Amino acid sequence: MNLKEKIKSLSATLLKEVITNRRHLHTYPELSFQEYKTAQFVAQKLKSMGIEPTEGVAGTGLVAYIKGQNPESKVIALRADIDALPIQEANDVAYKSQHEGVMHACGHDVHTASLLGAAQILQNIKNEFEGTVKLIFQPGEEKIPGGASLMIKEGVLEPQNHVPAPSGILGQHVMPFLPVGTVGFKSGQYMASTDELYIRVIGKGGHGAMPNHCIDPVLISAHMIVALQQIVSRRAKPILPSVLSFGKVIAQGATNVIPNEVYIEGTFRTFDEEWRKEAHIQMKQIAIGLVEAMGGKCDFDIQVGYPYLNNHPELTDRIRKQAEDYLGKEQVRDLELWMAAEDFAFYSQKIDACFYRLGTGNEAKKTTYSVHTPHFDIDEDALEIGMGLMAWLAVQELNS
């Protein structure tokens, strides 16, 4: 039996256990940087494989190593995120979240279970590959500043424990819009940067029948939101996709009450770091200038989030070819630019990185709901590919 067949056989054998692990994680989700029991579960599973993890990295993260032959020759890192979202699950399944208002609605339970499965495979075949696989179980992907940035600060991409720095890093993410059995890749720019906007427009409240005695922050906010759209429509270069959206506007007035202030939250996303910084300046200038011209005051706070995610072209090309070899060329799809964000981008700004998509959609099993929704779920057959492909890609990259 050759190595590919062995990995596929191990994936099939481990599938039931990995599904059990995924369901446990799904049942007991934990929010960003609060993944204490999740981390304990991961540590226990690794120890049962004979893998001794380093715990408490960036709070609740874990790092572990699987050393093959000549372990210092080359290191490849595999990453999974472990946190959940503040969403109330609406699925009626045996493994439904038991934590009120918390759900693995972005598939991080899948990522963690898949990496645990890949770890078991790699541990079983460690005499058949060169180098070292570095396992990264990362907290806090869903919340700024992002667990990836904190793990990097704690040296996860540097030489540690007498192991060289990783030459590259791989990550996978569920994709309900891809059918189970397929994976997707995009070389170069893939996912957008993300920044959070928090704005207070302060005026002077009063009776709605006497607006002449007020400085109406509702009217001012409406003008400001419209004016800010020129950041995308008139200021950004046409070749630079950008998004500016506002998802929360709170004006605590009434039918006949003009409030004193309006609170607004939004997001800005793009694919160019220089333009991103310039857009921050321009947004503040437009907002503050317009609001003050209309008699109000404006507090405009930008919480700088994740950079854009760049898939290293040469690494991604190699990984894609290996995925085609493992799954068949027809099962590997092309991806387009994705305006969503992912803190894996921090790794991609530091070392060669490849972030790909694992198809989990199945119309018959009703697993095509988008991530970040109460009905998100997966076709668990995807876990066999999730663990096997990740193990295969790591071994091939080390042996290349």
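The first residue of the sequence shown is numbered 1, and numbering continues consecutively from there. Bear in mind that the values here come from a model prediction, so they are computed numbers and not experimental data.
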Stepwise side chain to side chain donor-acceptor pair (under 3.5 Å) check, Tyr263 with Glu261: CA-CA 7 Å; Tyr263 176 72; Glu261 65 179 57; over 6 Å; no
Stepwise salt bridge (Lys or Arg N to Asp or Glu O under 4.0 Å) check, Glu128 with Lys6: CA-CA 11 Å; Glu128 300 182 50; Lys6 185 176 289 188; 2.7 Å; yes
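Taking 4.0 Å as the cut-off between side-chain N and carboxylate O, Glu397 and Arg318 count as a salt-bridged pair. The pair Glu380-Arg23 meets the salt-bridge criterion, with a side-chain N (NZ, NE, NH1 or NH2) lying under 4.0 Å from an Asp/Glu carboxylate O. The residues Glu342 and Arg79 are annotated as salt-bridged, a charged nitrogen and a carboxylate oxygen being separated by less than 4.0 angstrom. Using a 4.0 Å cut-off between a side-chain N of Lys or Arg and a carboxylate O of Asp or Glu, Glu72 and Lys67 do not qualify as a salt bridge. Look at Glu273 and Arg276 and you find a salt bridge, because one of the NZ, NE, NH1 or NH2 atoms lies within 4.0 Å of a carboxylate O, short of that distance. By the 4.0 Å N-to-carboxylate-O rule, Asp299 lies too far from Lys297 to be salt-bridged with it.
Remark: the Gln40 side chain and the Gln44 side chain contain no N/O donor-acceptor pair separated by less than 3.5 Å. Under the 3.5 Å distance criterion, with hydrogens and angles disregarded, no donor-acceptor pair is assigned to the side chains of Ser187 and Thr316. With 3.5 Å as the limit, one finds a donor-acceptor pair spanning the side chains of Thr38 and Glu30. With 3.5 Å as the limit, one finds a donor-acceptor pair spanning the side chains of Asp343 and Gln138. A donor and an acceptor atom, one from each side chain of Gln160 and Lys134, are located under 3.5 Å apart.
Grouped with Tyr95 in one hydrophobic cluster are Val93, the linkage being side-chain heavy-atom contacts under 4.5 Å among Ile, Leu, Val, Met, Phe, Trp and Tyr residues. The hydrophobic cluster containing Met339 also includes Val243, Phe271, Tyr308, Leu337, under a criterion of side-chain heavy atoms closer than 4.5 Å among ILVMFWY residues, counted directly or through chains of members.
Cation-pi geometry between Lys4 and Tyr326 is not met at under 6.0 angstrom from the ring centre and within 45 degrees of the axis. Both tests pass for Arg357 against the ring of Trp338: distance under 6.0 Å to the centre and angle within 45° of the axis.
Not counting sequence neighbours, the partners of Tyr347 by the ring pair (Phe, Tyr, Trp, His ring centres under 6.0 Å) test are Phe344.
Ring to ring, Tyr28 and His24 are close: their centroids are under 6.0 angstrom apart.
Although no hydrogens or angles enter the test, the distance criterion places a donor-acceptor pair under 3.5 Å between the side chain of Glu89 and the main chain of Ser97.
Here the CZ atom belonging to Phe346 is positioned 10.0 Å from the CD atom belonging to Glu141, to the nearest 0.5 angstrom.
Annotation: Asn2, atom CG; neighbour count of heavy atoms from other residues, nucleotides and ligands within 6.0 Å is above 12.
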